[in-house]
Every structure is written in structure tokens, then in C-alpha cells.
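Structure record follows, encoded as C-alpha cells.
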Number of protein chains: 2
Amino acid sequence: MKVHFLHKPDIKNLENFIKKHASDSIIILLSRCSVIYDGRAKSTLNEGDRVVMIKPDGSLLIHKNKKREPVNWQPPGSSIFYKVENKNFIIKSIRKKPREVLEIIAHKIYHACAFRCEDYEELNLTGSEEEMADMIFKNPKLIEEGFSPLSKEYQIPTGIIDILGKDKNNNWVILELKRRRADLQSVSQLKRYVEYFKNKYGEKRVRGILVAPSLTTGALNLLKSENLEFKKINPPKKDQTLSKKLSKKYNTINKTAILDEWL
Amino acid sequence: MKVHFLHKPDIKNLENFIKKHASDSIIILLSRCSVIYDGRAKSTLNEGDRVVMIKPDGSLLIHKNKKREPVNWQPPGSSIFYKVENKNFIIKSIRKKPREVLEIIAHKIYHACAFRCEDYEELNLTGSEEEMADMIFKNPKLIEEGFSPLSKEYQIPTGIIDILGKDKNNNWVILELKRRRADLQSVSQLKRYVEYFKNKYGEKRVRGILVAPSLTTGALNLLKSENLEFKKINPPKKDQTLSKKLSKKYNTINKTAILDEWL
DNA sequence: TGCTGGATATCGGGA
DNA sequence: TCCCGATGTCCAGCA
């Protein structure tokens with residue numbers, strides 16, 4: 001059985017339900033609850049309806065009816081404790097380092113599910129900064145004619161340079177890559193690396209280039225005033241399909257047709 | 001009725017179920033699905049068991065059985081479409097700006113819930129950077145004797161200064177606050193602000209102080225070499241309780257006793 | 001709407 | 001473990 005559930009459970013049944021399933025299933029509780037958190041910060045949340053999700057890896061999420069972010073949470077590795085007290089179902093999650101304690105006082109449980117979630121597939125993502133770096137390494141003249149990349153992820157005391165290389169005049173070139181619009185922090189980062197290299201090799205032999213699809217106005221101004229450069233490059237997106245097994249299974253789905261119908 | 005649910009629903013029933021509830025309820029689907037995303041980046045996720053959560057504000061989350069983060073998602077404001085095709089239930093979420101499209105191909109739906117989630121309470125959080133700023137404004141000698149804060153969130157072309165003030169010798173003092181261990185980026189940020197002020201008011205009349213509970217080694221080295229300063233301060237945590245109504249309702253719960261029992 | 005920086009950020013990689 | 005930076009970061013506040 002993939003899914004077990006209790007509708008409007010008796011609180012004693014709920015306790016057994018969680019005891020039975022929490023180790024290998026995602027537990028979802030539709031509940032009316034209050035929440036107390038104390039750790040890196042500290043918070044309270046008064047009584048309201050929320051979705052509580054507890055994963056077998058110790059992650060815990062409490063979701064309101066809005067936003068992408070959980071209102072309270074614990075990261076993987078946290079330990080779960082629970083008990084019944086005064087007709088409330090109380091869940092406590094403890095993270096050891098840093099020490100953080102989260103307590104859910106569930107006044108009502110409307111519905112509980114346990115989902116034995118079998119998943120052997122990982123996300124295949126394309127369009128990352130790393131892929132920009134690979135592309136530039138394979139095709140350095142995307143930056144400029146005569147550019148030679150020498151090192152990726154080159155470590156210096158003030159950080160990690162995305163790509164270090166030399167230009168056709170043998171100047172050092174430091175690239176800072178951003179997959180999205182670059183901002184002031186991106187420029188600061190590049191400047192920090194360039195300054196270290198200038199201290200080491202002399203003012204006139206080090207160039208810094210910010211590589212990104214675009215720049216904020218503030219970033220552009222700072223870049224200019226610091227004599228740093230900008231090269232517009234978009235992160236590459238590889239072609240992707242779902243696995244063959246899948247395409248076969250559902251080969252009558254015509255994605256273009258779906259799109260036409262919807263858009 | 002707070003909660004409606006379908007166990008092993010017929011796909012046609014599911015369609016009606018979602019049509020009926022999606023506008024005012026959180027929809028949770030325990031499903032076996034594949035996911036395609038294309039937007040700022042692009043991804044595929046092959047068939048596996050996942051929890052899908054759709055909120056009335058358009059947020060959409062797809063959770064695997066591990067980690068705090070959803071494997072795929074859409075932020076609030078996205079539009080949901082759905083339909084049945086080849087015995088699959090297909091959900092499409094479209095975000096307009098930036099344009100991002102997410103498609104869930106649900107091969108099986110094990111269980112579906114709709115939760116009319118009524119929640120009028122907001123999170124009360126303490127221990128933020130903003131509260132550090134308030135504390136320093138009220139009690140400036142936490143920084144040093146004779147420090148006078150003049151402005152909070154002071155905007156300059158290269159960013160926003162947390163606290164701008166003067167010391168007892170009438171030097172400008174720029175504070176950069178961090179609620180947690182400060183790193184290289186924190187130092188760069190402070191340095192960026194200090195450099196703007198030095199250009200404006202002269203080298204010797206501007207000090208920069210990083211205010212945080214601690215520093216990484218790299219941050220400390222950079223701070224020293226740039227003649228910036230460090231002041232160790234922890235973010236304050238206010239006393240908090242759940243609302244009176246609540247404490248009254250559950251006044252027999254003794255939190256200390258709970259802690260003793262558990263820890 | 002764009003810009004800026006905080007966040008209980010989370011997460012992964014490297015030393 | 002600490003350090004460092006990416007993230008489809010999300011999100012609020014402000015000009």
C-alpha cells in the first residue's frame with residue numbers, strides 16, 4: 001500500500017499511525033495548529049489551519065495557504081518526537097547543530113496521510129552557471145578573440161574565481177559568471193578577486209570581466225567606475241527529454257499539440 | 001467541510017474535484033508523476049512518487065521524499081490548467097513574468113485532498129537583522145562610547161548602508177550588520193559602502209565596522225587588510241508567547257514540563 | 001516595475 | 001567540520 005490515511009482521526013489512532021509510518025513515509029497532516037520555534041531566530045505562530053509535512057529524512061515543513069515558502073520548517077536530519085497532551089497532538093522537531101527546536105501544537109487534525117514515496121529519479125537541470133563555464137571553456141572566443149581560459153574554480157584567499165585566463169596580450173583575465181542579471185554584489189565579487197590579483201601581479205596586467213545576460217543599472221555604474229568590463233552571454237540550455245521508457249509509454253502525447261491547446 | 005478527499009480517484013472524478021476546490025483550497029496530490037519545466041532554467045524529472053501541493057494563490061510545489069526544498073515549483077501568481085490525456089492527469093502551471101512553464105504528467109494519483117485552509121495569523125519572528133539595528137539605535141554605545149547613529153537604511157549609489165553614524169571624533173562610521181556569522185561577501189559589502197564615502201569625504205574620515213556574532217577566517221583576513229573593524233554583537237531575541245486566548249485555552253500545558261520530559 | 005539586500009535562507013563542493 | 005558561492009533562490013521594502 002502506497003498510501004494510508006485517516007480522516008478526522010481520533011488522536012490516539014493518529015499517534016499509532018505516525019509511529020507506524022513516519023520512518024518510511026511522508027506524513028501529511030491537515031491541521032489547525034500553533035507553532036513555536038527557537039533556534040537561529042525565534043518565532044511564534046498562533047492558531048490557524050496549515051499543512052504539515054514530515055519527510056523520512058527528518059525535514060519538516062509547515063505551509064500556510066499562501067506563498068512558496070513554508071512559514072516554519074526544520075531541515076533534513078532533524079529528529080521528530082510527538083505525544084498527546086490535553087487533547088492536543090504535539091509534535092516536536094529538534095535539530096542538533098545549530099540547536100533548533102520547533103514545536104507544533106495541533107489542536108485539530110482534519111486529515112492525515114502517510115505516503116510511501118518511492119522515487120529513484122533525480123532532477124535533470126540545464127541552464128546553470130556551471131554550464132556557462134563549460135561552454136566558455138570549450139569556446140573561449142565567446143569572451144573575445146585570443147582569450148585563453150586556464151583554470152576553473154580557482155581558489156584565492158578572498159574567494160573562488162569562476163574562470164581565470166589570459167588575453168591575447170598576456171594580461172590576466174578574471175571572469176565572474178552569472179546565469180541571470182548581474183547586480184552590485186556580482187560586481188563586488190569580481191572586484192574583490194581582481195584586487196587580489198592586482199596586488200600580486202601589478203595594476204595594468206589584470207582585467208576583470210563580468211559575464212552575464214544583463215546588468216542592473218547600479219551594477220553597470222560600479223563596473224564602469226572600477227574599470228571592469230561586461231560581456232553579455234546567456235546561459236546555455238541543453239535539449240532535454242523525459243527518459244525513453246517514458247516517451248515510449250506515452251508516445252501518443254504530442255507536446256506541441258498540448259501547448260497549442262493551452263496557450 | 002474543511003477537508004475533502006478522494007482515495008485512488010477515478011481520473012474524471014479528480015478533474016471535477018480540482019475544478020470544485022482549487023480556487024479556495026490547498027490541493028494535495030499524492031501521485032506518481034513526471035515533470036517538465038522551462039523558464040529561467042530548464043529541467044526534466046522522470047517518473048517517481050511525489051507530493052504535489054497547489055495553493056489558492058497559484059503557488060505550486062512538488063516534493064520528493066527528501067530535503068526541505070521542492071524539486072520543482074512555481075511561485076505565487078502562477079496560473080493553473082489541467083486536463084486528462086491518455087489516462088494521465090496533466091497539470092500545467094504558467095507564470096507570466098518571467099515566462100515559466102511547468103508541466104506535471106501524473107501517471108497515477110494515489111490520493112487527493114482539498115483543504116479549505118483558514119488562517120488569519122501571521123508569523124511573529126524575532127532575532128532578525130532589523131532588530132539588531134533597532135537595538136543599536138536605542139543603545140549606540142553597544143558599538144562604542146561616543147557613537148551616534150544618524151540614519152538607518154541610508155541609500156547611496158552603490159547600495160544601502162545598514163546604519164550610518166559618526167564617532168566621538170566626528171568621523172563617519174558605516175555599520176554593516178549580520179545576524180549570523182559574517183563572510184567574505186559581508187566584508188565586500190561594507191568595503192563597497194566605505195569606498196563610496198571615502199571618495200566623497202576623504203580617506204581618513206570614514207570608518208567601516210562589521211557588526212555580527214562572528215566572522216569566517218577569510219572575512220577576518222580581508223577585514224584586516226582593508227583596515228575595517230569588527231564588533232561582536234548577537235541579534236537580540238525578544239520574549240514571546242502564543243496569544244492570550246491560546247495560553248488561556250491550554251493553560252494546563254506547562255512548557256517547561258514538556259521540555260523536561262523530552263530532553 | 002526594477003533594484004537592493006535579508007533569510008531560521010538551503011544546498012553542494014572542496015579543503 | 002568550516003568555508004564559500006550558486007540558486008529557476010524567494011521575498012519585502014522602496015524609489
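Values reported hereafter were calculated over all heavy atoms of this structure, with side chains retained and with hydrogens, waters and symmetry mates removed. So that the names make sense, note that chain A is the first sequence line, chain B the second, and so on, each numbered from 1. All values reported here derive from a predicted model rather than from experimental measurement.
- OP1 or OP2 of D/dG8 has not a single side-chain nitrogen or oxygen of B/Arg95 nearer than 4.0 Å.
- No hydrogens or angles were tested; on distance alone, nothing pairs the side chain of A/Glu176 with the base of D/dG5 as donor and acceptor under 3.5 Å.
- Counting only heavy atoms from C-beta on, A/Arg181 has its side chain closest to C/dG2 among C/dT4, C/dA9, C/dG2.
- Ring-plane geometry between A/Tyr201 and A/Trp172 is classed as tilted, the angle between the planes lying from 30 to 60 degrees on a 0 to 90 degree scale.
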Problem set entry | Test log, rule side chain to side chain contact (heavy atoms under 4.5 Å, CB included), inputs A/Ile26 and A/Ile28 | CA-CA 6 Å; A/Ile26 298 179; A/Ile28 292 171; 4.1 Å; yes
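- Between B/Pro157 and A/Ser59, the one whose closest nucleotide on DNA chain C sits nearer the 5' end is B/Pro157.
- The side chain of A/Arg40 sits closest to C/dA9 out of C/dG5, C/dA9, D/dG5.
- Atom CD in A/Glu131 sits about 13 Å away from atom C1' in D/dA6, given to the nearest Å.
- Donor-acceptor pairing under 3.5 Å is recorded for the side chains of A/Thr126 and A/Glu131.
- Atom CG in A/Leu125 sits about 12 Å away from atom C1' in D/dA6, given to the nearest Å.
- For D/dA6 and D/dC10, the C1' atoms lie 14 Å apart once the distance is rounded to whole Å.
- Comparing D/dC11 with D/dT7, their C1' atoms are spaced 14 Å from each other, to the whole Å.
- Rounding to whole angstrom units, NZ of residue B/Lys178 and P of C/dG6 are separated by 3 Å.
- In this structure, the CG atom of A/Leu215 is 10 Å from the P atom of C/dT4, given to the nearest Å.
- For A/Gln189, whose side chain is taken as the heavy atoms from C-beta onward, the closest listed nucleotide among D/dC3, D/dA6, C/dT8 is D/dA6.
- Considering only the side chain of A/Ile160, D/dC4 comes nearest among C/dG5, C/dT8, D/dC4.
- Among the protein residues, A/Glu153 comes within range of no part of the nucleic acid, since none of its heavy atoms lies under 4.0 Å from any strand.
- Considering only side-chain N and O atoms, B/Arg192 lies under 4.0 angstrom from the phosphate OP1 or OP2 of C/dG5.
- Rounded to whole Å, atom C1' of C/dT8 lies 16 Å from atom CD1 of A/Ile36.
- As a whole-Å value, the separation of B/Glu130 CD from C/dA7 C1' is 13 Å.
- Residue-level contact check: B/Pro76 touches the backbone only, with heavy atoms under 4.0 Å from sugar-phosphate atoms and none from bases.
- Side-chain N/O atoms of B/Glu129 and base N/O atoms of C/dG6 include no donor-acceptor pair closer than 3.5 Å.
- Taking the side chain of B/Asp162 as heavy atoms from C-beta on, and the options C/dT4, D/dG5, C/dG6, the nearest nucleotide is C/dG6.
- Separating the CD1 atom of A/Ile156 from the P atom of C/dA15 is a distance of 15 Å, rounded to the nearest angstrom.
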For this session: Test side chain to side chain contact (heavy atoms under 4.5 Å, CB included) on A/Thr217 and A/Leu220 and set out the steps.
Result: CA-CA 5 Å; A/Thr217 50; A/Leu220 178 59; 5.7 Å; no
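- Considering only the side chain of B/Tyr193, C/dG5 comes nearest among C/dA7, C/dG5, D/dG8.
- Taking 4.0 Å as the cut-off between side-chain N and carboxylate O, B/Arg50 and A/Asp119 count as a salt-bridged pair.
- Among the protein residues, A/Thr217 comes within range of the sugar-phosphate backbone only, with heavy atoms under 4.0 Å from sugar or phosphate atoms but none that close to a base.
- Nucleotides C/dC11 and C/dA7 have their C1' atoms positioned 14 Å apart, rounded to a whole Å.
- Here B/Arg68 does not reach the OP1 or OP2 of C/dT8: none of its side-chain N or O atoms lies under 4.0 Å away.
- Checked for salt-bridge contact, A/Asp162 and A/Lys152 miss the test: no charged N lies under 4.0 Å from a carboxylate O.
- Using a cut-off of 4.0 Å between Lys/Arg side-chain N and Asp/Glu carboxylate O, B/Asp38 and A/Lys237 are scored as salt-bridged.
- The distance between atom CZ of A/Arg180 and atom C1' of D/dG8, rounded to the nearest whole Å, is 10 Å.
- With C/dA9, D/dG8, C/dT4 as the candidates, the nucleotide lying closest to the side chain of B/Trp73 is D/dG8.
- Counting any heavy atom pair closer than 4.0 Å across all strands shown, A/Gly159 reaches sugar-phosphate atoms only and no base atom.
- The base of C/dT8 sits with one of its N or O atoms less than 3.5 Å from a complementary donor or acceptor on the side chain of A/Asn72.
- Counting only heavy atoms from C-beta on, B/Glu69 has its side chain closest to C/dC11 among C/dG5, C/dC11, D/dG8.
- In this structure, the nucleotide among D/dC11, D/dC4, C/dG12 sitting nearest to the side chain of A/Lys67 is D/dC11.
- Mapping A/Thr216 and A/Leu102 onto DNA chain C by nearest heavy atom places A/Thr216 at the nucleotide closer to the 5' end.
- Closest approach to the B/Lys97 side chain among C/dT1, D/dG5, D/dG8 is made by C/dT1 (side chain taken as heavy atoms from C-beta onward).
- Regarding contacts with the backbone of C/dG6, every side-chain N or O of B/Ser128 stays at 4.0 angstrom or more from both OP1 and OP2.
- Using cut-offs of 30° and 60° on the angle between ring planes, the pair B/Phe197 and B/Tyr154 is perpendicular.
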